[in-house]
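First the structure, in the form of structure tokens, and then the observations on it.
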Amino acid sequence: MSVAFHGAKFCWMNGEVIETGKALVSAMEPIHLGVFEGIKAYVENDVQSRGKLNIFRWTSHAERLQRSAAICGMKIPYTDEELLEATRETIRANGFDMNVYIQPRIWPKAGAPQDVHVVVPVWTFETVLGRDNPQFSKNRRFMISTWRRFASDALPPQAKTWANYGNSALALREAARLGRDGAIFLDSRGFISEGTGACIMAVRNGKVITPPVTASILESVTRDTMLKIIPEDLGITVDVRDIARVELYASDEVFLCGTGGEITPLSSIDDLPLGKEYPGPVTMRIAEYYADVLAGIIDKHKSWLTSV
Ligand code: PMP
């Protein structure tokens with residue numbers, strides 16, 4: 001029997017494009033250390049080339065995927081270039097001409113922990129970015145989770161392994177039970193770490209602050225993008241430093257950044273409203289510029305785009 005997967009008819013598995021419903025691994029396979037990536041391709045917004053799709057920062061994501069697998073003791077039997085071709089083939093097979101989310105998944109095989117299945121599912125998505133996009137400006141009432149982000153001597157935050165998302169799922173379920181829209185973790189030391197699937201940034205007195213990699217965060221591609229474009233292109237200072245919980249309460253603006261959620265402002269934390277304006281002006285400015293980078297409008301960042 002064939003099952004639909006977010007409407008994408010085809011995915012790629014172990015070397016070929018196949019029907020998504022036929023991409024099966026045995027229930028006997030161990031799953032603890034499976035690793036994955038979350039990557040997005042955006043429609044180019046340049047009038048000349050409307051309809052053209054570009055993958056954002058393919059190289060950074062492919063490198064992180066290989067690194068995640070290596071950290072977990074697995075070897076992906078394909079090069080970054082082969083995985084890129086696989087992704088292109090899959091998007092074309094589905095005939096997609098709108099924004100596409102790509103989530104390569106690596107599964108260890110039973111009895112051969114170094115050997116893996118490689119699956120590349122894709123599906124379409126709508127961006128939350130845009131001044132008039134209600135998805136961007138909707139209220140997001142977050143809480144500080146009672147679950148801590150795991151310390152890096154327990155699980156590797158740098159590896160995008162499913163095991164890490166058990167921690168995220170517990171925090172999300174707690175937030176849902178308590179009627180909040182999402183959760184933010186403290187690290188094992190009690191400093192702000194990250195969201196359940198995104199990094200966190202705050203705006204205080206016109207400056208952006210964000211936790212360091214040593215605060216048990218994923219080395220996020222979007223965070224890295226922010227660390228370049230916010231100071232260099234928008235002229236706003238960014239300090240990478242430990243952030244105390246109360247500093248978030250006292251911030252003018254707080255937003256999450258990640259491939260999935262893109263830039264998402266938060267309206268309150270632990271029921272304490274943030275700042276005077278929502279979404280805040282600095283978040284809005286960053287989000288609009290980021291949308292232009294993704295759409296290929298900013299010439300100097302076209303090298304971050306890989307065409308499908
Ligand atoms: N932290 C976590 C836990 C995540 O799952 C993600 C999403 N991959 C991020 C941060 C943001 O990373 P990126 O910008 O590379 O998508």
Side-chain angles (χ1 to χ4, degrees), residues 33-42 55-69 71-72 80 87 99-106 121 123 125 127-129 142 144-145 147-152 154-173 175 182-188 191-202 208 210-230 238 240 243 254-266 286-287 290-291 293-294 301 304-306:
L33 282 183
V35 300
F36 69 108
E37 257 311 312
I39 308 168
K40 279 183 169 176
Y42 287 83
I55 302 172
F56 186 62
R57 299 198 60 176
W58 167 265
T59 309
S60 305
H61 284 287
E63 282 173 6
R64 189 172 65 191
L65 184 67
Q66 302 278 6
R67 201 164 59 239
S68 294
I71 289 170
C72 295
D80 295 0
T87 301
N99 295 340
V100 178
Y101 183 69
I102 306 147
Q103 195 182 77
R105 298 171 172 200
I106 313 295
W123 57 90
F125 73 92
T127 179
V128 303
L129 298 171
F142 271 51
I144 303 290
S145 183
W147 296 99
R148 294 286 178 106
R149 197 64 174 157
F150 45 83
S152 62
L155 280 167
Q158 291 80 1
K160 209 167 154 58
T161 169
W162 293 112
N164 294 351
Y165 290 84
N167 183 228
S168 296
L170 287 169
L172 279 173
R173 286 176 185 211
I184 295 157
F185 287 110
L186 301 180
D187 68 13
S188 57
F191 290 105
I192 298 295
S193 174
E194 63 179 347
T196 53
C199 283
I200 190 162
M201 303 210 159
V208 172
T210 195
V213 169
T214 42
S216 286
I217 65 167
L218 181 71
E219 286 177 293
S220 149
V221 176
T222 318
R223 175 179 175 278
D224 183 67
T225 304
M226 293 298 132
L227 294 184
K228 291 199 173 75
I229 65 176
I230 297 174
V238 183
V240 176
I243 300 175
V254 177
F255 63 92
L256 298 174
C257 71
T259 303
E262 301 164 328
I263 304 287
T264 38
L266 306 187
I286 294 168
Y290 181 55
V293 170
L294 296 171
H301 295 310
W304 277 336
L305 309 179
T306 301

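Counting starts at 1 for both ligands and their atoms, following the listed order. Below, each value reflects all heavy atoms present in this structure, side chains not excepted, and no hydrogens, waters or symmetry copies.
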Taking Arg149 as the fixed residue, which of Asn167, Ile217, Leu218 is the one that meets the side-chain contact (heavy atoms from CB on, under 4.5 Å) rule?
-> Asn167
Considering residues at least two apart in sequence or located in another chain, which fulfil the side chain to side chain donor-acceptor pair (under 3.5 Å) criterion with Thr259?
-> none
Residue contacts for ligand 1, heavy atom to ligand atom, distance under 4.0 Å | Arg64, Arg149, Lys160, Tyr165, Glu194, Thr196, Gly197, Ala198, Cys199, Leu218, Ser220, Val221, Thr222, Gly258, Thr259
Only counting residues at least two apart or in another chain, list the ones meeting side chain to side chain donor-acceptor pair (under 3.5 Å) with Thr225.
-> Arg57
Going by an N to O cut-off under 4.0 Å, is there a salt bridge joining Glu219 and Arg64?
-> no
Are Trp162 and Phe36 near enough that their ring centres are under 6.0 Å apart?
-> yes
Name all residues meeting the side-chain contact (heavy atoms from CB on, under 4.5 Å) criterion together with Leu33; count only those two or more places apart in sequence or in a different chain, and write none if there are none.
-> Cys72, Thr161
